[in-house]
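The chains referred to below are lettered A, B, ... by the order of the sequence lines, with proteins before strands, and numbering in each begins at 1.
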There are 2 protein chains.
Amino acid sequence: MKKPDAAGGDISLGECLYRRVLELLESKWTVLVLHALDGGRQRYRQIEARIQDITQKMLTQTLRRMERDGLIRRIVHPTVPPAVEYELTDLGRSLMPHIRGFRTWAAEHFAEVVAARAEYDRKYGQRDAAE
Amino acid sequence: MKKPDAAGGDISLGECLYRRVLELLESKWTVLVLHALDGGRQRYRQIEARIQDITQKMLTQTLRRMERDGLIRRIVHPTVPPAVEYELTDLGRSLMPHIRGFRTWAAEHFAEVVAARAEYDRKYGQRDAAE
DNA sequence: CGGTATCCGTTTTGATACTG
DNA sequence: CAGTATCAAAACGGATACCG
């Protein structure tokens with residue numbers, strides 16, 4: 001019986017279960033798709049256009065996984081040619097505040113991250129060759 | 001000149017820069033290490049013990065990257081045997097509210113994600129063999 | 001339009017053994 | 001204790017071609 005937020009820092013709900021949820025965000029494109037859909041329902045090509053250099057394969061794969069995870073919904077209009085729209089589910093929307101929060105953090109602290117990297121490289125260099 | 005939060009959902013600060021920041025969290029173990037250090041300064045073995053099935057290689061690699069990104073600080077005590085401690089920097093601490101927020105979301109919505117996956121698999125099965 | 005299928009190189013991760 | 005080094009396996013990502 002552990003307390004959820006003991007100073008010790010228990011990760012709660014079991015590291016294993018949490019890991020399963022972390023997987024939601026681990027694929028390279030998921031967060032970008034979430035932002036794209038944050039503006040409302042979008043068609044496949046719209047999402048593709050919005051996320052500059054994503055390939056069809058990765059976009060489809062990401063959308064499928066997000067649909068499976070219950071974050072987005074896929075709406076097929078049986079027209080010719082076919083039109084497919086995607087939108088956030090309630091579950092997906094409930095996640096957005098955190099995603100937006102992270103984006104805000106990124107905008108505010110990006111420069112610090114870059115500076116830290118430069119500083120680290122200056123101190124330790126990428127010396128792996130001789131000497 | 002785009003507005004940062006137009007309804008359109010511009011990802012702001014440039015998708016490219018944002019992508020660079022997203023990389024911070026993309027490695028499998030980073031978030032778990034952040035939680036581990038959220039409880040305060042920890043020694044290498046303590047972190048390792050806390051994150052069940054991480055290997056030494058991955059832990060060291062993750063810690064190095066996080067140090068380079070300025071999220072954590074490495075403190076070496078020149079004793080024999082050596083003792084090394086890690087702690088969050090100010091930058092790392094500034095990120096924690098979002099990480100904690102996500103964990104809270106995970107705890108609250110994990111069941112829904114699992115249910116969504118089960119539902120999806122029931123509907124579409126993992127049928128890739130014949131028929 | 002909105003995908004699938006296939007091939008293939010790159011990156012990430014893991015197992016294991018060894019060290020100052 | 002806190003790592004490194006090495007090798008191999010697996011996941012990821014991209015290019016390309018084709019389909020309903």
Side-chain angles (χ1 to χ4, degrees), chain A residues 15-16 19-20 22-33 36-37 41-68 72-87 124 126-131, chain B residues 15-16 19-20 22-33 36-37 41-69 72-87 124-131:
Chain A
E15 293 87 358
C16 290
R19 286 265 306 274
R20 301 263 305 276
L22 282 175
E23 284 169 15
L24 288 189
L25 306 183
E26 266 163 21
S27 85
K28 197 173 165 184
W29 305 100
T30 309
V31 175
L32 296 177
V33 171
L37 293 179
R41 190 185 293 190
Q42 308 274 327
R43 293 185 59 168
Y44 185 92
R45 294 289 174 194
Q46 293 180 291
I47 303 171
E48 188 182 23
R50 204 176 272 257
I51 302 176
Q52 281 294 355
D53 49 354
I54 194 170
T55 59
Q56 284 198 333
K57 175 185 171 180
M58 291 316 298
L59 179 53
T60 300
Q61 189 173 297
T62 303
L63 289 169
R64 289 289 177 280
R65 176 159 31 193
M66 292 172 73
E67 190 192 359
R68 177 169 183 262
I72 64 175
R73 182 168 21 250
R74 182 167 180 265
I75 301 153
V76 182
H77 301 279
T79 56
V80 178
V84 180
E85 294 182 305
Y86 292 90
E87 66 180 4
Y124 304 106
Q126 40 272 54
R127 29 104 182 227
D128 39 301
E131 199 218 329
Chain B
E15 292 87 358
C16 290
R19 288 264 308 274
R20 300 260 308 275
L22 283 175
E23 284 169 16
L24 288 188
L25 306 183
E26 265 163 22
S27 84
K28 197 172 165 183
W29 305 100
T30 309
V31 175
L32 296 178
V33 171
L37 293 179
R41 190 185 293 190
Q42 308 275 327
R43 293 185 60 167
Y44 184 91
R45 294 288 175 194
Q46 292 180 291
I47 304 170
E48 187 183 24
R50 204 175 272 255
I51 303 176
Q52 281 295 355
D53 49 355
I54 194 170
T55 58
Q56 285 199 332
K57 176 184 170 182
M58 290 317 298
L59 178 54
T60 299
Q61 190 172 298
T62 303
L63 289 168
R64 289 288 178 280
R65 176 160 28 192
M66 293 172 73
E67 188 192 359
R68 176 169 183 263
D69 289 337
I72 64 175
R73 182 167 21 248
R74 183 167 178 264
I75 301 154
V76 182
H77 301 279
T79 55
V80 178
V84 180
E85 293 182 305
Y86 292 90
E87 66 180 4
Y124 304 106
Q126 39 272 53
R127 29 105 181 223
D128 39 300
E131 196 218 329

Test side-chain contact (heavy atoms from CB on, under 4.5 Å) on B:Y124 and A:E67 and set out the steps. CA-CA 12 Å; B:Y124 304 106; A:E67 190 192 359; 4.1 Å; yes
Do you know which two heavy atoms are closest between B:R50 and B:A36, and how far apart they sit?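 Scanning both residues completely, I find the closest heavy atoms to be CD-CB, 3.5 Å.
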Which atom names give the shortest non-hydrogen contact between A:R74 and A:Y86, and what distance separates them?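 Here A:R74 and A:Y86 meet closest at NE-OH, 3.2 Å.
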Please state how far atom [atom1] in [X] lies from atom [atom2] in [N], giving the value in whole angstrom units.
{"X": "B:E48", "N": "C:dA15", "atom1": "CD", "atom2": "P", "value": "13 Å"}
{"X": "B:E23", "N": "C:dT11", "atom1": "CD", "atom2": "P", "value": "12 Å"}
{"X": "A:Q46", "N": "C:dG2", "atom1": "CD", "atom2": "C1'", "value": "13 Å"}
{"X": "B:E26", "N": "C:dT11", "atom1": "CD", "atom2": "C1'", "value": "12 Å"}
{"X": "A:I75", "N": "C:dG3", "atom1": "CD1", "atom2": "P", "value": "12 Å"}

Cationic N near anionic O, under 4.0 Å, B:R45 to B:E48: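 A salt bridge links B:R45 with B:E48.
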Does atom CD of A:Q52 have more than 12 heavy-atom neighbours, drawn from other residues, nucleotides or ligands, at distances under 6.0 Å?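 12 or below, so no.
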Could you check whether any side-chain heavy atom of [X] comes within less than 4.5 Å of a side-chain heavy atom of [Y], counting everything from C-beta outward?
{"X": "A:L24", "Y": "A:T30", "result": "no"}
{"X": "B:M58", "Y": "B:I51", "result": "no"}
{"X": "A:L25", "Y": "B:V31", "result": "no"}

[N], OP1 or OP2 - any side-chain N/O from [X] closer than 4.0 Å?
{"X": "A:K28", "N": "D:dG14", "result": "yes"}
{"X": "B:R43", "N": "D:dG3", "result": "no"}
{"X": "A:Y86", "N": "C:dG3", "result": "yes"}

When rounded to the nearest 0.5 angstrom, what distance separates CE in A:M66 from CD1 in A:I72?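 Answer rounded to 0.5 Å: 5.0 Å.
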Upstream residue (5' side of DNA chain C) when A:R74 and B:P81 are each assigned their closest nucleotide: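 This one resolves to A:R74.
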Residues of residues 53-65 of chain B with any non-hydrogen atom less than 4.0 angstrom from an atom of DNA chain C: list those, numerically ordered, please.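 Hits under 4.0 Å, by residue number: B:T55, B:K57, B:M58.
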Give me the bend of the helix from C:dC1-D:dG20 to C:dG20-D:dC1, using the axes of the five pairs at each end, rounded to 10°.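 End axes: 60° apart.
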